[in-house]
S.K.: 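Pasting a structure here, questions to come.
A, B, ... follow the sequence lines: proteins, then strands. Residue 1 opens every chain. All figures in this text were calculated on a predicted structure; none of them were measured in a lab.
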Amino acid sequence: MTSIATMYDKLKKYLDNFIIGRGYTNIMTGYITGELQFLIFIIILASLFRIFSFPLAIIILVLTGAAAIYFAPTIINIEKENSNELNRVLYWFLIYFAIIIAITIWGG
Amino acid sequence: MIEVTIQLLGFIAAALLIVIGIAGMVFLDNMIKKIIAFTLLSDGVNLLLVAIGYIEGGVVPILLPGMSITEFTMRAALVFPIGIVLTNIVIGVSTTAILVALVIMLYRRYGTLKASVILKGERR
Amino acid sequence: MMELVSNLWSIPLIVIIPLITAVIVNAIYDKEVIKYISIASALITLGISIISPYGYHWFTGHPAFDPNTFTFTFDPGIPAFRLSLEFVYGPIQQIMIVISSLILVFCVILATVGLTKRQGPYMATIFLLFASAAIIIMVNDLYHLWIAVEIGSLIVVGVVVASGTSISHKAALKYAFFSAISGAGLAVALALLLGITGFANVSDIIRIMNTVGISGMEKILYISFGFFILAWMYAGGLAPIHPLKSEVYGASYPHATAVLQAQSKLMLVAIGIIMLRIFGTLPFIKEVMIFLSVITMILGVVLALIQIDFRWIIAYLIISHSGLVTLGIALGTKDGIIGGVFQAVNDIIYMSVLLFCCEALYYFGGATSTKNSFGIARKSPWLCAAVLLGAFAAAGMPPFNGFQSEIILIQASLNSGLPEIAVIILMVSITTLIALLRAIYRIFLKPPEVEVLEAKIPKAINFGIWLFIILTIIIGVYPDIALRFIIPAVEGGFLP
């Protein structure tokens, strides 16, 4: 289980690779805030599953929260996966398109 | 048993062109090949539109002397897809021109046509 | 103003005047007179959009066919098959085009103040951008929608390239690349709908689907919807295209970004409403649209927190707030659509405030990076006050306009039985404020680590900033000024 102190250390180690000197504290606060915000967003999104089934929502909520805390800091992966590299955008674009077509055609 | 008509063959060919075009744009690394794949995609879309407008045993959508209105409406191929195809060709030319111009500019800077090198993600 | 005409004089003018201006300024290329022609043209377009009555414009000039009485009519009030390509100018179109024209006026003024070389082609792209946005919000047929989306995306490429940096060239190339895919996708969607229904006019498509029915063809409708969503994602910068769109916003000049983001919001509203009208009754359509909107909101605002340049923070916040606009439309209820359109109008205004403030920072030697503190509040306290007010408006605080639209969206989410979405909207507002205040503190308030140039901000920028701030406060205190355009259109008619 990752503690808050360890998450900070991991972020510090990641940021030290490319940010030195001025503005370090400011950037660090941005990353930590982003990490915590994303955690809360994910938990709220997981609770949306109550529309399908309430016990399922509780299970998904607990699992998602635990996974997000265990794999913290997720903000590094979020930044990597949302980078503007063309191949990465194409990859996510195909995933989204496939999910949308699958949901609408099978769901309909 | 599905009857094989010209329209069905047209749809199949269009689908193939579109799939090959999208696959090329996604999987090929060379920027010029991506642009060529885009032209395939565009041609596939044009073929789809033309195939939609096709009518078995139809005539060109021009009211010729001696042709009755009823016969014309029954037999004339759809006209609107023709207009869309022409527009699509023009848009395809413009897009291709812009893509090629940008690739030239970036080639002069980076010395390569590889998308994985030119269009790498950047930290801001 | 409620006169309904079937061949409204103002609709072609709103499109043709920017087009002709673009041709003329491009031909003139780099003379002083470009400034005056551009400003005059933008003001004329603004004037026409304000005084124009409401109505339609039917291309090809033939009448509509009423299937009930088997007669032809030029009266657009009678439900009939239009059989034509159609533009609509109603209340929603009016308010969105007026706001966009106002931004165009200031964008043109700021561009002519700042740029000296290659003014002609750059001005041409700005006017073409406005023309494509105006077409998209007025359109009621898929053919013109597709053309305007394609043209608009190519022009965006031109606007981005005009910034001249290698980042902007790469951003432009990636954006053009996706424009190729999404344009082809939208053409396929148009082809499929044309094949099923035989019509390109949106009203005719809906009429045929409701009267004759399209049973057995639902899967084709879903494929068509999938390609439409692709165009929607691309046009508005929704996830997963948000990295490219934010790069487009961040790499352009701030005044150009103001017009770009206005164009994006118009496209989102127009395409979203058309999708709702055609596909809204099918299962899972609204759920997919809500899912995309929520993901965009979350990703946009989280990524804004980790940016280290004020321009990029604003770029990602524009993306996030685009998600707010599309969320309202995706909810599909009257409140939701009213909230979504109102949010689009407000968003365009307060983001323009922030972008014009960012333009002003260029005069301090480009002091937009949050790695350093510049202490600009001491040199320009009014600019600091303006950017703070813009941040409060963006965060949805009263008495600014953002508050009014977000409260409608929150109520719409609660009425739809989705309180989680309401919580997400609130969190996005708070996070917007956090992201902006971090940057504002570093750039304006903290004692300077790096000295900046003594700058005299042009009066045009100050005037633009404060005009839009006053607009945010007026709409925030009297939201009916905007809502009286939107509510009747959503409730009664005049939706394209």
S.K.: Any chance you could measure C:S369, atom OG, to C:I443, atom CD1, to the nearest 0.5 Å?
M.R.: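 One gets 7.5 Å once the value is rounded to the nearest 0.5 Å.
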S.K.: At a heavy-atom separation under 4.5 Å, does B:L48 approach chain C through its side chain, its backbone, both, or neither?
M.R.: side chain
S.K.: Of the listed residues (C:G250, C:A180, C:A171), which shares the most heavy-atom pairs with chain B below a 4.5 Å separation?
M.R.: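 It is C:A180.
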S.K.: For B:S94 and C:L154, work out which heavy atoms get closest and say how close.
M.R.: CB-CD1, 3.8 Å
S.K.: Could you give the distance from OG1 (C:T257) to OH (C:Y253), rounded to the nearest 0.5 Å?
M.R.: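 Nearest 0.5 Å value for the OG1-OH distance: 11.0 Å.
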S.K.: Would the B:F38 and C:F177 ring centres measure less than 6.0 Å apart?
M.R.: no
S.K.: Of the backbone (N, CA, C, O) and the side chain (C-beta and beyond), which part of B:S42 lies under 4.5 Å from a heavy atom of chain C, both, or neither?
M.R.: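 For B:S42, there is no contact with chain C at all, as no heavy atom is under 4.5 Å.
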S.K.: If contact means a heavy atom pair closer than 4.5 Å, which residues of residues 61-91 of chain B contact chain C?
M.R.: B:F80, B:P81, B:G83, B:I84, B:T87, B:N88, B:I91
S.K.: What residue pairs, at least two apart or across chains, pass salt bridge (Lys or Arg N to Asp or Glu O under 4.0 Å) with a residue in residues 299-317 of chain C?
M.R.: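 Residue pairs with at least one partner in residues 299-317 of chain C: C:D309-C:R311.
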S.K.: Heavy-atom pairs under 4.5 Å with chain B are the metric here; pick the option from C:G198, C:A184, C:G185 that has the most.
M.R.: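 Of the options given, most contacts go to C:A184.
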S.K.: For residues 48-68 of chain B, which residue pairs pass the ring pair (Phe, Tyr, Trp, His ring centres under 6.0 Å) check, not counting sequence neighbours?
M.R.: none
S.K.: Compute the ring centroids of C:F178 and C:Y234, then answer whether they are less than 6.0 Å apart.
M.R.: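 No; C:Y234 has its ring centre 6.0 Å or more from that of C:F178.
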S.K.: Mind checking the CD1-CG spacing from C:I205 to C:L190? Nearest 0.5 Å is all I need.
M.R.: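 So the CD1 of C:I205 and the CG of C:L190 are separated by 8.0 Å.
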S.K.: Assess whether side-chain contact (heavy atoms from CB on, under 4.5 Å) is satisfied between C:T197 and C:D204, documenting all intermediate values.
M.R.: CA-CA 9 Å; C:T197 61; C:D204 292 349; over 6 Å; no
S.K.: When only heavy atoms count and the cut-off is under 4.5 Å, which of residues 17-32 of chain B reach chain C?
M.R.: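 Counting heavy atoms that sit under 4.5 Å from chain C, the residues of residues 17-32 of chain B involved are B:I18, B:M25, B:M31.
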